[in-house]
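Position 1 is the first residue of the sequence; numbering continues from there.
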Amino acid sequence: MDEMIVSIIGRLGYLGIALLMALENIFPPLPSEAIMGAGALAVTQDRMSFWPLLIFGTIGTVAGNYAWYWFGDRVGYEKLGPFIDRWGRWLTLEWEDIERASEFFKKHGGWAVFFLRFFPVMRTMISLPAGLAHMNLWRFLIFTTAGAAIWNVILILGAQWLVGTFSDVQDLVGWIVIASLVLAVAGYCWRLYSWKPRAER
């Protein structure tokens with residue numbers, strides 16, 4: 001998969017970054033660490049520039065989060081229940097999880113959207129209850145953009161720090177990309193294997 005990421009970025013450039021980051025926020029096992037890490041490596045090799053990488057990466061992140069927000073806002077609680085009942089096994093979610101996230105969102109609002117951008121899985125999941133609660137769209141976009149931009153800056157600068165600290169950094173970043181992909185997929189597979197509805201626990 002790391003070769004696929006590098007190939008997409010090589011062919012589509014910044015648009016590839018935006019596309020992959022959007023998909024990462026729709027399908028969490030595709031990690032942002034791998035995508036932005038590969039983009040940051042391209043920056044160090046003068047094949048990309050910092051600001052366009054940050055802008056397109058953030059646009060992709062916001063687009064992916066908006067997809068879940070739109071879904072929650074349009075579908076609503078009434079229609080979401082049957083969807084979770086049918087596909088919750090593959091999402092490792094059940095209705096109680098959605099209700100708990102919604103209650104958390106009602107208490108903490110926009111700041112939840114902002115701060116949960118820094119946590120795996122939750123940075124995508126929080127967009128759904130935001131939509132279900134019909135959070136103001138502009139408020140959602142502002143908090144999501146701010147959190148996503150900061151997270152992407154951390155990822156880019158982290159990869160650049162590696163460049164300045166270690167020799168053979170290309171191989172090192174490549175292994176980090178592969179490791180993050182393997183851990184993300186393995187984590188999802190383990191959660192899928194071990195997850196059970198509350199009634200069966």
Side-chain angles (χ1 to χ4, degrees), residues 5 8-9 12-44 47-76 80 91 93 97-98 100-162 173 176-177 180-181 184:
I5 290 174
I8 292 174
I9 293 174
L12 300 179
Y14 297 114
L15 290 178
I17 291 287
L19 174 63
L20 289 170
M21 290 299 285
L23 291 175
E24 182 267 336
N25 285 277
I26 296 173
F27 188 64
L30 185 65
S32 60
E33 294 83 354
I35 301 164
M36 296 305 290
L41 183 58
V43 172
T44 66
R47 293 185 287 113
M48 284 188 171
S49 299
F50 175 87
W51 287 108
L53 174 62
L54 175 61
I55 291 170
F56 277 86
T58 302
I59 289 173
T61 300
V62 174
N65 277 271
Y66 175 73
W68 283 110
Y69 170 89
W70 178 88
F71 183 79
D73 185 54
R74 297 293 178 178
V75 171
L80 184 62
L91 298 171
L93 291 173
D97 297 318
I98 301 298
R100 288 172 61 189
S102 297
E103 288 301 318
F104 180 85
F105 176 82
K106 289 176 182 178
K107 292 180 180 179
H108 302 284
W111 290 109
V113 173
F114 175 80
F115 283 110
L116 289 177
R117 282 298 319 153
F118 307 103
F119 292 89
V121 180
M122 287 304 298
R123 60 179 173 234
T124 294
M125 183 181 172
I126 195 60
S127 299
L128 182 59
L132 291 171
H134 305 295
M135 179 182 183
N136 177 271
L137 175 58
W138 287 109
R139 192 162 183 258
F140 170 80
L141 292 176
I142 289 171
F143 278 99
T144 300
T145 301
I150 293 173
W151 177 242
N152 289 337
V153 166
I154 292 172
L155 294 179
I156 297 171
L157 294 182
Q160 290 181 321
W161 175 81
L162 290 174
V173 173
I176 291 174
V177 170
S180 62
L181 285 167

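For the atom pair R47 CZ and L41 CG, the distance stands at 6.5 Å (nearest 0.5 Å). Rounding to the nearest 0.5 angstrom, the gap separating the CH2 atom in W151 from the CZ atom in F114 is 12.5 Å. Atom CD1 of I9 is separated from atom CE of M48 by 5.5 Å, given to the nearest 0.5 angstrom. Between atom CG of residue L20 and atom CG of residue N25 there is a gap of 11.5 Å, rounded to the nearest 0.5 Å. Expressed to the nearest 0.5 Å, how far CD1 of I59 lies from CG of L19 amounts to 13.0 Å. Separation of atoms CH2 (W70) and CG (L137) is listed at 13.0 Å; rounding is to 0.5 Å.
No donor-acceptor contact under 3.5 angstrom links the side chains of N152 and R117, judged on distance only.
Considering every non-hydrogen atom in both I26 and G64, the closest pair reads CG1-O, 3.9 Å. Residues I156 and A40 share a closest heavy-atom pair of O-CB, 3.8 Å. Annotation for A159 and G37: closest pair CB-O, 4.3 Å, computed over non-hydrogen atoms.
Between Y69 and F140, the ring planes lie parallel to each other; the angle is under 30°, not in the 30° to 60° tilted range. Between F56 and Y14, the ring planes are parallel. Angles under 30° get that label, and only those over 60° would be called perpendicular. Relative ring orientation between W68 and F71 is described as perpendicular, the plane-to-plane angle rising above 60° on a 0-90° scale split at 30° and 60°.
Between T58 and M21 the shortest side-chain heavy-atom distance does not fall below 4.5 Å. Counting heavy atoms from C-beta outward, T61 and S32 have side chains that stay 4.5 Å or more apart. Using a 4.5 Å heavy-atom threshold, the side chains of M36 and I17 count as touching.
Under the 3.5 Å distance criterion, the side-chain polar atoms of T145 are left unmatched by any main-chain donor or acceptor of I142.
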